[in-house]
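Both counts, for ligands and for their atoms, begin at 1 and track the order of listing.
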Amino acid sequence: MAVNSNDMMSTIVSLAKRRGFVFQSSEIYGGLNSCWDYGPLGVELKRNVKDAWWRAMVTNRRDVVGIDASILMHPRVWEASGHLSGFSDPMVDCKKCKERFRADHLENLDKCPKPKCGGELTEVRKFNLMFKTFMGAVEDNSATVYMRPETAQGIFVNFQNVQQASRLKPPFGIAQIGKSFRNEITPGNFTYRTREFEQMEMEFFVAPGEDEKWYEYWRDARLQWYKDFGIKPEKLRLRDHEQDELAHYAKACVDVEYLFPFGWSELEGIANRTDYDLKQHEQFSGKGMAYFDDETKQHYHPYVVEPAAGADRATLAFLVDAYDVEGEGKDERVVLRFHPALAPIKVAVLPLVKRDGMPEMGEKIYRDLLDNSIKSFYDHTASIGRRYARQDEAGTPFCVTVDTQSLEDQTVTLRERDSREQYRVAASELVGLVQKKMRDSMK
Ligand code: GAP
């Protein structure tokens with residue numbers, strides 16, 4: 001049965017809740033707008049997305065190192081970065097229903113766009129997107145700090161520390177994964193736009209003049225990353241920013257977009273941030289931010305190419321893209337076709353019946369998989385058909401069935417999620433085989 005794209009998001013949201021991918025935050029209190037909690041399957045999926053990013057951006061490269069900076073930073077950081085003065089959206093409030101709207105999203109600024117309201121709107125005002133809080137016991141202006149709206153600044157202020165500690169020379173990068181906060185005026189589309197989210201950012205420092213070459217390199221590499229982890233190529237595209245769309249720090253920016261059920265939307269931006277940030281921090285902190293090139297004996301401020309992705313958005317795209325409904329009537333099955341590296345559970349161990357020594361053999365296989373750090377699941381309830389269906393819907397790439405023959409010859413049936421192909425393998429070779437299949441899926 002084909003799923004209408006209009007219904008697709010509500011189908012995904014209800015599957016996400018039912019199977020424990022994503023729950024509404026504080027649900028028992030009626031929920032908190034735009035805040036979401038990842039459940040047992042969701043937290044594994046998102047961790048796998050972040051691990052896949054970290055491997056591609058840091059572990060497998062000689063020219064990128066990581067950091068983990070604090071969320072609260074010195075308030076001067078946000079003056080220097082331009083976020084205090086520039087990081088704002090134009091907004092209007094409806095005087096009647098009190099709802100707030102992005103002015104640049106409205107066609108008509110005369111009246112409230114809600115058909116049943118039509119109330120008068122306020123003047124357009126700038127609304128800073130940074131969350132404010134207070135540090136220490138006294139809540140006055142001198143104690144105001146901000147929740148970071150991007151992880152990037154934690155990297156810029158540590159440029160000298162990291163460069164000197166790691167002795168890397170441009171071109172080199174510093175990567176970070178962590179929470180960011182923005183008081184978005186119009187959050188929505190499930191986990192797509194939220195006020196608390198996780199970013200996966202990398203700042204790549206290059207000699208001036210080499211920035212355009214690296215910009216193209218990272219644009220292509222980042223698009224490829226989504227394809228490597230299984231996103232359908234026809235649902236991905238690159239979109240260059242127009243001059244008037246560019247952030248205050250950027251010379252050029254291109255978005256990797258995904259065709260969500262609600263339309264083409266940004267997954268990640270790759271920006272050429274020039275030497276803006278390092279020079280701003282030099283000016284505001286009074287500390288030198290230039291790099292000294294030993295060979296030319298010259299100081300220069302590196303240019304920065306920044307691939308900036310969202311862990312929640314990427315996770316949502318992988319979830320939406322994996323969703324498939326196959327067959328009809330009683331043969332219909334819902335299957336999440338996750339790339340094996342991203343799948344929350346890799347193997348489900350399913351004894352055919354709950355007697356005759358099958359559970360014991362299943363338990364042993366399960367233990368063996370866990371001891372080898374293969375996230376697995378054991379289930380001996382319900383019919384085998386229903387158990388396969390549950391695993392298909394969780395996106396588990398491999399199911400292992402223990403049956404009567406297993407007790408005789410120590411073999412088990414391995415079932416592959418996508419093809420539903422089944423074949424027998426020696427129980428003693430299972431771990432090695434799964435590990436090989438996981439490795440092969442990365443090639
Ligand atoms: N350092 C540059 C920067 O932060 P951005 O385009 O504003 O650039 C980068 O953010 C990525 O962070 C976005 O492409 C998106 O994936 C994610 N992101 C930004 N705002 C978000 C929000 N409100 N909810 C979820 N993800 C968000």
Per-atom contacts, ligand 1 versus [X] - under 4.0 Å to a heavy atom:
{"X": "Glu306", "result": "1 (N), 2 (C)"}
{"X": "Glu150", "result": "1 (N), 2 (C), 3 (C), 4 (O)"}
{"X": "Glu184", "result": "20 (N), 22 (C), 23 (N)"}
{"X": "Glu201", "result": "1 (N), 2 (C), 3 (C), 4 (O)"}
{"X": "Glu268", "result": "14 (O)"}
{"X": "Arg273", "result": "1 (N), 2 (C)"}
{"X": "Arg193", "result": "23 (N), 24 (N)"}
{"X": "Ala152", "result": "1 (N)"}

Does the side chain of [X] pick up a donor-acceptor pair with the side chain of [Y] at under 3.5 Å?
{"X": "Glu282", "Y": "His301", "result": "yes"}
{"X": "Tyr192", "Y": "Arg313", "result": "yes"}
{"X": "Glu212", "Y": "Asn272", "result": "no"}
{"X": "Asp51", "Y": "Asn48", "result": "no"}
{"X": "Thr381", "Y": "Asp379", "result": "yes"}
{"X": "Asp275", "Y": "Tyr300", "result": "no"}
{"X": "Glu268", "Y": "Tyr226", "result": "yes"}

Arg222 NZ/CZ over Trp225 ring centroid, <6.0 Å and within 45° of normal: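 Verdict for Trp225: a cation-pi partner in Arg222.
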Does NZ or CZ of Arg239 lie under 6.0 Å from the centre of the six-membered ring of Trp264, at an angle within 45° of the ring axis? no
Look only at the side chain of Trp36 and the backbone of Phe190, and say whether a donor-acceptor pair between them is shorter than 3.5 Å.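 Side chain of Trp36 to backbone of Phe190, a donor-acceptor pair under 3.5 Å: yes, one is there.
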If you measure every N or O of Gln199 against every N or O of ligand 1, does any of those distances drop under 3.5 Å? yes
Return the residue, atom name and 0.1 Å-rounded distance of the protein heavy atom closest to [atom].
{"atom": "atom 11 (C) of ligand 1", "value": "Ala308 O, 3.6 Å"}
{"atom": "atom 14 (O) of ligand 1", "value": "Glu266 OE2, 2.5 Å"}
{"atom": "atom 24 (N) of ligand 1", "value": "Thr194 N, 3.0 Å"}
{"atom": "atom 17 (C) of ligand 1", "value": "Gly310 CA, 3.7 Å"}
{"atom": "atom 25 (C) of ligand 1", "value": "Tyr192 O, 3.2 Å"}
{"atom": "atom 15 (C) of ligand 1", "value": "Arg313 NH1, 3.4 Å"}
{"atom": "atom 18 (N) of ligand 1", "value": "Phe197 CE1, 3.6 Å"}
{"atom": "atom 7 (O) of ligand 1", "value": "Arg182 NH1, 2.8 Å"}

At the 4.0 Å heavy-atom cut-off, does Asp312 count as touching ligand 1? no
Below 4.0 Å from ligand 1: does a non-hydrogen atom of Tyr249 turn up there or not?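 Flag set, Tyr249 near ligand 1.
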Got a salt bridge between Arg182 and Glu150, using NZ or NE/NH1/NH2 to carboxylate O under 4.0 Å? no
Does Lys235 come within less than 4.0 Å of Asp321, counting only side-chain N to carboxylate O? no
